[in-house]
**Q** 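Handing you a structure now.
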2 protein chains.
Amino acid sequence: MKVTRSDVAKAAGVAPATVSYVLNNSRQISEKTRKKVMDAVNELNYQPDLIARGLVTNQTMQLALILSDIGNPFYGEIARAFEQSALEKGYFVSICSGEGNLNHYLENLVRRHVDGAVIIANPTHYQMENVKKLVDNDIKVVISGNQVPDQIASIENDYISGMEQALTHLSEYGHRRIAYFSCFGNQSRYDTRIDGFISAAEKLGLHQSDILLVEGKPPYHSDLETGKEMAQEIIRRGMPVTAAVCTNDLMAMGAIQEFHQAGIKVPEDISIIGCDDIMLASAMIPALTTIGIDKEKLGRGAFALLYRQIKSGEIKHEKVTVELKVRSTTSKPAVR
Amino acid sequence: MKVTRSDVAKAAGVAPATVSYVLNNSRQISEKTRKKVMDAVNELNYQPDLIARGLVTNQTMQLALILSDIGNPFYGEIARAFEQSALEKGYFVSICSGEGNLNHYLENLVRRHVDGAVIIANPTHYQMENVKKLVDNDIKVVISGNQVPDQIASIENDYISGMEQALTHLSEYGHRRIAYFSCFGNQSRYDTRIDGFISAAEKLGLHQSDILLVEGKPPYHSDLETGKEMAQEIIRRGMPVTAAVCTNDLMAMGAIQEFHQAGIKVPEDISIIGCDDIMLASAMIPALTTIGIDKEKLGRGAFALLYRQIKSGEIKHEKVTVELKVRSTTSKPAVR
DNA sequence: TTGAAAGCGCTAACAT
DNA sequence: ATGTTAGCGCTTTCAA
């Protein structure tokens with residue numbers, strides 16, 4: 001049978017409220033009473049019911065982490081970091097994934113009284129309007145990977161710098177004709193990667209006709225399959241580029257595999273750069289050159305931002321630095 | 001401001017309870033009243049508060065998925081499948097990961113009144129005793145990857161068959177000296193992989209002195225690093241085997257990388273077999289030969305088992321078939 | 001320093 | 001067919 005506060009009160013010979021007071025440290029309590037209560041608590045192994053508490057305090061000590069796809073190791077690694085730091089502060093985290101249904105989740109959060117939510121997801125998978133509803137219901141929100149209004153906290157990777165590092169690296173090797181494999185539409189301004197790619201290309205003096213933007217299609221997946229399809233497109237077009245930068249590592253890996261199967265060598269025939277630096281990027285052979293995202297920092301940073309907002313209401317916008325990891329899928333282009 | 005049941009009742013001109021009755025379909029209601037209520041509900045966009053409801057029904061429509069490491073794509077893919085099917089039935093899922101702290105989580109679950117929990121984790125990361133506490137508190141439980149008492153439902157992969165398939169495959173290629181890289185201790189009986197390996201080796205008539213069990217060390221991680229270390233050990237011992245089967249793909253990938261760096265070719269010099277068939281196993285080059293686990297089936301099956309138990313109390317033990325995926329990290333051993 | 005009592009938003013047993 | 005009422009287990013205001 002479940003032990004309640006009343007059981008403890010009875011055992012300790014005090015009023016039920018007193019038990020709450022000592023457990024929450026919300027009142028001066030005599031040493032004697034405190035001891036009586038604590039003894040009973042330990043004896044009965046009493047743990048306050050969080051649902052009941054939540055009903056009155058409107059605090060559930062529960063956070064939601066909303067992700068495009070928990071099966072993607074990139075999100076998995078972020079989730080690990082986020083969860084770890086949330087746990088340290090006593091929060092429970094619900095991970096909400098499942099591509100199409102993100103809106104459904106958002107509605108659920110207010111009914112469940114979560115204290116806060118972090119959204120790290122493809123912007124095409126949810127509506128900002130629904131996020132506003134969270135805010136209206138006093139649920140604190142932190143977003144990554146979208147254009148957000150000032151009133152919503154955010155944490156973003158510095159993709160502009162990342163793309164510049166990537167293109168500079170390729171340029172130094174002598175690449176002039178470079179593709180970008182985007183999981184978004186070319187007109188999308190959600191993501192700064194495309195802009196970063198374009199402006200870096202300009203800065204390096206690449207001809208506009210030499211850069212090739214391969215765009216994604218709804219529902220804008222960013223997985224192995226997407227990368228394969230884009231590689232196929234490059235092959236179909238007769239290999240008009242000597243290098244390609246991809247939206248993420250999964251797409252890069254898919255592309256590499258596709259090229260490999262077509263007998264096109266990476267990096268000899270085409271250099272490939274990914275983005276994210278998932279754990280396996282460095283383990284594959286050849287090791288993937290990629291724009292390294294600090295997933296630990298992103299996950300922990302997102303929590304810190306959320307926590308701060310819950311505690312003090314402060315809304316901040318943070319930027320996380322990224323660093324190109326030069327490995328073995330890039331090299332000088334073959335002379336011809 | 002939050003809209004409550006009373007607001008709806010007032011707007012519809014009925015008693016608060018009536019609102020509950022129509023929403024829950026728990027009583028005969030005249031069409032007229034039903035319409036009045038539903039109109040008010042839609043007008044005000046009322047959503048019953050799940051915390052309040054949970055307090056009285058003791059049902060939270062919330063499930064916990066307890067995983068060793070959500071950063072490991074194997075678990076990520078399972079989580080995706082589990083979450084998907086839970087969502088279809090209206091459940092919310094909290095993913096609890098973070099290696100050392102699993103016990104901490106288990107305690108939390110009863111305070112949060114989750115309706116059920118699925119544990120797919122390294123048995124060394126939690127105590128069965130704590131699981132019993134869940135059961136005592138009427139939280140339904142399904143476990144995978146551990147030895148469970150009959151009263152606890154389970155879903156297991158048929159590793160025995162998997163190992164037999166793997167060793168038969170190697171044997172057909174002519175391998176006689178084979179290692180097993182375990183993330184567990186050799187004495188561990190949690191996991192059927194070791195047993196499966198040993199009995200398959202016997203069945204195939206391999207000499208006991210030809211098989212080499214490399215065992216893990218506390219805290220029994222099963223990641224890239226572990227695989228690397230074990231590969232080093234094989235190298236240090238002068239390559240006494242021509243093939244190795246690993247506890248999971250991550251370890252296999254780590255091992256392959258380590259061998260590669262030492263100038264030992266896979267599969268020419270040593271054949272490697274993984275286990276899990278994570279998404280990237282087929283994408284890497286060379287593609288990984290691995291014991292394929294049906295993660296979709298495992299995740300969905302775990303939910304189905306849990307759901308059934310919640311609805312009818314029925315406790316079942318299920319076995320999921322596995323299938324060796326022969327790819328490119330295995331070949332005939334070099335003659336010498 | 002402690003106790004009593006109201007109420008969080010809901011369900012369900014009891015009345016009408 | 002509908003309304004009234006008693007809790008669920010807790011926090012917190014008000015009283016002593």
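Computed from a predicted structure; not experimentally measured. Chain naming here is simple, since letters A, B, ... match the order of the sequence lines and numbering starts at 1 in each.
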**Q** Counting side-chain heavy atoms from C-beta on, which of C/dA4, D/dC10, C/dT1 comes nearest to A/Ala15?
**A**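 Looking only at heavy atoms from C-beta outward on A/Ala15, the closest nucleotide is C/dA4.
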
**Q** Report yes or no: does A/Glu156 contribute a side-chain atom to a donor-acceptor pair with the main-chain N or O of A/Glu318 at less than 3.5 Å?
**A**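 The answer is no, because no donor-acceptor pair under 3.5 Å joins these two groups.
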
**Q** What nucleotide, of C/dC10, D/dG9, C/dA12, holds the atom closest to the side chain of B/Thr57?
**A**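 For B/Thr57, the side-chain atoms sit closest to C/dA12.
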
**Q** Under 4.0 angstrom, heavy atoms only, what part of the nucleic acid is A/Ile51 near: base, sugar-phosphate, or nothing?
**A**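 Touches nothing.
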
**Q** Can you figure out which of D/dG9, D/dT2, D/dG7 approaches the side chain of B/Ile29 most closely?
**A**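 So the side chain of B/Ile29 is nearest to D/dT2.
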
**Q** Can you tell me if B/Ser144 uses its side chain to pair, donor with acceptor, with the backbone of B/Ile155 under 3.5 Å?
**A**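 Side chain of B/Ser144 to backbone of B/Ile155: a pair is present.
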
**Q** Using a cut-off of strictly less than 4.0 Å between a heavy atom of the residue and any atom of DNA chain C, enumerate the qualifying residues of residues 33-44 of chain B by number.
**A**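 Within this stretch, nothing sits under 4.0 Å of the strand.
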
**Q** Closest nucleotide of DNA chain C for B/Ala52 versus for A/Ala17: which of these residues is on the 5' side?
**A**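 Mapping each residue to its closest nucleotide by heavy atoms, the 5'-most match is A/Ala17.
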
**Q** Whole angstrom is fine here: how far is it from CZ in B/Arg53 over to C1' in C/dA12?
**A**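 Computing the B/Arg53:CZ to C/dA12:C1' distance gives 13 Å.
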
**Q** Heavy atoms under 4.0 Å, any strand shown: does A/Ser20 hit a base, just sugar-phosphate, or nothing?
**A**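 It contacts base atoms.
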
**Q** Please report, rounded to the nearest Å, how far the P atom of D/dT2 is from the CZ atom of B/Arg27.
**A**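 So the CZ-P distance, B/Arg27 to D/dT2, works out to 9 Å.
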
**Q** Considering heavy-atom distances to DNA chain D, does A/Gln47 or B/Tyr21 have its closest nucleotide positioned more toward the 5' end?
**A**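 First, find each residue's nearest nucleotide; the 5'-ward one identifies B/Tyr21.
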
**Q** Indicate whether any N or O donor in one side chain lies under 3.5 Å from an N or O acceptor in the other, for B/Asn146 and B/Tyr126.
**A**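 Yes, because at least one side-chain N or O of B/Asn146 sits under 3.5 Å from a partner of the opposite role on B/Tyr126.
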
**Q** Ignoring backbone atoms, establish whether B/Thr18 has a side-chain N or O less than 4.0 Å from OP1 or OP2 of D/dA1.
**A**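 No, no such contact exists.
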
**Q** Without swapping roles, check the side chain of A/His113 against the backbone of B/Ile51 for a donor-acceptor pair under 3.5 Å.
**A**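 It does not hold such a pair.
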
**Q** Which of these nucleotides, C/dT2, D/dG9, C/dG3, is closest to any side-chain atom of A/Thr4?
**A**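 In terms of side-chain proximity for A/Thr4, the closest of C/dT2, D/dG9, C/dG3 is D/dG9.
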
**Q** Are a donor atom and an acceptor atom from the side chains of B/Gln62 and B/Asp115 found within less than 3.5 Å of each other?
**A**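 Side-chain D/A pair, B/Gln62 to B/Asp115: absent.
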
**Q** With a 4.0 Å cut-off on heavy atoms, is B/Pro48 in touch with a base, just the backbone sugar-phosphate, or nothing at all?
**A**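 Contact class for B/Pro48: sugar-phosphate only.
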
**Q** Tell me whether the side-chain N/O atoms of B/Tyr46 come closer than 4.0 Å to OP1 or OP2 in C/dC10.
**A**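 Answer is yes, contact under 4.0 Å.
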
**Q** Regarding A/Asn24, tell me which of base, sugar-phosphate or nothing describes its non-hydrogen contacts under 4.0 Å with the strands shown.
**A**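 Touches sugar-phosphate only.
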
**Q** Would you tell me if any nitrogen or oxygen in the side chain of A/Ser6 comes within less than 4.0 Å of OP1 or OP2 on D/dG9?
**A**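 No, because none of the side-chain N or O atoms of A/Ser6 sits under 4.0 Å from OP1 or OP2 of D/dG9.
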
**Q** Is B/Asp69 salt-bridged to A/Arg80, going by a charged N under 4.0 Å from an acidic O?
**A**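 Salt bridge flag = yes for A/Arg80 with B/Asp69.
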
